[in-house]
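Scope of the values below: all heavy atoms of this structure, side chains included, with no hydrogens, waters or symmetry mates.
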Amino acid sequence: MSSKQQFVKLNDGHFIPALGFGTYKPQEVPKSKSLEAANLAIGVGYRHIDTAFAYQIEEEVGQAIQSKIKAGIVKREDMFITTKLWCTCFRPELVQSNLEKSLKRLQLDYVDLYLMHYPVPMKPGDDDFPKDDQGKVQLDTVDFCVTWEALEKCKDAGLVKSIGVSNFNHKQLERILNKPGLKYKPVCNQVECHLYLNQSKLLDYCKSKDIALVAYGALGTQRYKEWVDQNSPVLLNDPVLCDVAKKNKRSPALIALRYLLQRGIVPLAQSFKENEMRENLQVFEFQLSPEDMKTLDGLNKNFRYIAADFLVGHPEYPFSEEY
């Protein structure tokens, strides 16, 4: 692992590696590719791996971690593993059993970080995207503050070191922070964040509450057909970004990651290619000048690649708020 690996201190005293490896895969990508990618990522030096129940690849991620531990390449305590509670499991009585299922698939005794995947509860059951006869997603009415209490119990039980949220807006975060009897603050909010959606207001809010911002889609997403409009702009082809990259003799992807890192954000980089994985780890080897940062700030368009349309219409849909 590069000695340049850096860490961010979370509000509960634990440390998260400042660059993570994302493991989402679309349906068209075989699970074997995810296993191979996770193996490569740990092999080239990533120690922070982000996954989720909904990605349906926790088993593959677990196999990769175990094979690297058995080979003596890493110890469990060197790794920082995140997984997420899916929206159909927000009823408090379902939380711990779902975390335990994730742990079993990951072949771990604990995860380092457990997140609520979205603030929107969906109807419990075997279907991850339960739909009614009209094809509309069936939502549930659980208050996520009650779900949060169940996450706190999982932390007390030693099944998870840190707990946080994902895709929450600042008003939703505020509701957890102001909850009577709050035992643990969320350590982070994982959201879509990149040059076209730089989340400056949400970042300022999170910093004011000592909540880390973790960025998915940091390189403008992998543009998977099932989630992303194929006519949307390709972030890494942006001419301004490419100019800054040329000036710094770095790739556009590295500039895009460094921009987030320098603002105190923890980016997740995703790739299935070993050369890109290696290159992304070079993000700690250079700095962008204040002028470059200002130029890149100018690219923000508040443009969201992943709008989670399947949740629109629920009162907790998070993206109707400005931030």
Side-chain angles (χ1 to χ4, degrees), residues 8-16 20 23 48-55 58 61-62 79-106 108-125 128 139-191 202 205-206 209-214 216 266 268 308 311 314 316-318:
V8 171
K9 190 175 183 182
L10 300 171
N11 64 35
D12 63 359
H14 290 294
F15 288 85
I16 186 171
T23 62
H48 168 189
I49 310 282
D50 181 273
T51 192
F53 164 76
Y55 303 170
E58 286 175 318
V61 171
M79 299 298 299
F80 189 102
I81 311 298
T82 301
T83 194
K84 308 180 191 83
L85 177 72
W86 186 237
C87 309
T88 53
C89 311
F90 277 16
R91 293 190 183 177
E93 66 274 14
L94 299 175
V95 173
Q96 184 170 325
S97 60
N98 271 278
L99 173 54
E100 286 167 347
K101 283 178 197 161
S102 283
L103 290 172
K104 194 174 171 192
R105 284 188 292 265
L106 288 161
L108 299 174
D109 300 326
Y110 68 91
V111 282
D112 297 273
L113 180 57
Y114 198 42
L115 307 179
M116 291 173 66
H117 206 141
Y118 279 94
V120 184
M122 284 162 36
K123 187 183 166 209
D128 295 348
L139 301 167
D140 200 10
T141 53
V142 196
D143 179 354
F144 58 64
C145 285
V146 180
T147 312
W148 184 255
E149 288 168 13
L151 263 76
E152 291 178 323
K153 289 187 178 125
C154 292
K155 178 174 161 78
D156 285 336
L159 298 173
V160 54
K161 302 258 187 188
S162 301
I163 51 176
V165 297
S166 181
N167 295 303
F168 275 51
N169 63 44
H170 83 285
K171 287 187 174 168
Q172 292 166 327
L173 279 170
E174 193 89 335
R175 277 188 13 228
I176 289 186
L177 295 173
N178 293 337
K179 187 183 86 58
L182 180 73
K183 193 165 184 185
Y184 305 115
K185 278 167 60 163
V187 297
C188 73
N189 186 17
Q190 184 185 129
V191 295
L202 186 59
Y205 174 82
C206 286
K209 305 292 181 188
D210 196 18
I211 294 171
L213 198 75
V214 178
Y216 69 80
V266 176
L268 302 173
L311 299 174
H314 191 283
E316 298 293 5
Y317 177 72

task = Starting from the C-alpha separation in whole Å, work towards a yes-or-no answer on salt bridge (Lys or Arg N to Asp or Glu O under 4.0 Å) for E149 and K179.
result = CA-CA 10 Å; E149 288 168 13; K179 187 183 86 58; 2.9 Å; yes
Would you check if [X] and [Y] make a side-chain contact, meaning some heavy-atom pair closer than 4.5 Å?
X: N167; Y: P119; result: yes
X: S102; Y: K84; result: no
X: L139; Y: E316; result: no
X: V165; Y: Q172; result: no
X: V142; Y: P92; result: yes
X: C188; Y: L113; result: yes
X: T23; Y: E58; result: no
X: L177; Y: I211; result: yes

Rounded to the nearest 0.5 Å, how far apart are [atom1] of [X] and [atom2] of [Y]?
X: I16; Y: K9; atom1: CD1; atom2: NZ; value: 14.5 Å
X: C154; Y: L99; atom1: SG; atom2: CG; value: 5.0 Å
X: D143; Y: W148; atom1: CG; atom2: CH2; value: 13.5 Å
X: N189; Y: L173; atom1: CG; atom2: CG; value: 4.5 Å
X: T141; Y: F90; atom1: OG1; atom2: CZ; value: 13.0 Å
X: I176; Y: L182; atom1: CD1; atom2: CG; value: 8.0 Å

Minimal non-hydrogen separation, [X] against [Y], with atom names:
X: C87; Y: Y118; result: SG-CB, 3.7 Å
X: Y317; Y: A308; result: CE1-O, 3.4 Å
X: K161; Y: D12; result: O-OD2, 3.5 Å
X: A52; Y: T83; result: CA-OG1, 3.3 Å
X: D112; Y: M79; result: OD2-O, 3.3 Å

request  = Before giving the answer on side chain to side chain contact (heavy atoms under 4.5 Å, CB included), spell out for V266 and Q190 the whole-Å C-alpha distance, their side-chain angles and the decisive distance to 0.1 Å.
outcome  = CA-CA 9 Å; V266 176; Q190 184 185 129; over 6 Å; no
inquiry  = Going by the rule side chain to side chain contact (heavy atoms under 4.5 Å, CB included), which residues pair with P124 if we only count those two or more places apart in sequence or in a different chain?
reply    = R91, L94, D140
key: With Y184 via side chain to side chain contact (heavy atoms under 4.5 Å, CB included) - residues at least two apart   = E152, K155, D156, I163
Who are the ring pair (Phe, Tyr, Trp, His ring centres under 6.0 Å) partners of [X], not counting sequence neighbours?
X: H170; value: Y205, Y323
X: F168; value: F144
X: F53; value: none
X: W86; value: H117, F129

query = Quick check: does any side chain N or O of D50 sit under 3.5 Å from a backbone N or O of T82, one acting as donor and the other as acceptor?
reply = no
inquiry  = Using modelled atom types and a 3.5 Å cut-off, is there a donor and acceptor pairing between side-chain atoms of D128 and backbone atoms of A54?
reply    = no
ask   = What do the steps show when you test N98 against Y114 for side-chain hydrogen bond (donor to acceptor under 3.5 Å, both in side chains), and what is the final call?
value = CA-CA 11 Å; N98 271 278; Y114 198 42; over 6 Å; no
note = Exactly one of L103, L108, D109 clears side-chain contact (heavy atoms from CB on, under 4.5 Å) with L159, and that residue is L103
query = Hey, mind stepping through L115 and V214 against side chain to side chain contact (heavy atoms under 4.5 Å, CB included) and telling me if it holds?
reply = CA-CA 11 Å; L115 307 179; V214 178; over 6 Å; no
Pair L151-M116, side chain to side chain contact (heavy atoms under 4.5 Å, CB included): steps then yes or no = CA-CA 9 Å; L151 263 76; M116 291 173 66; 4.0 Å; yes
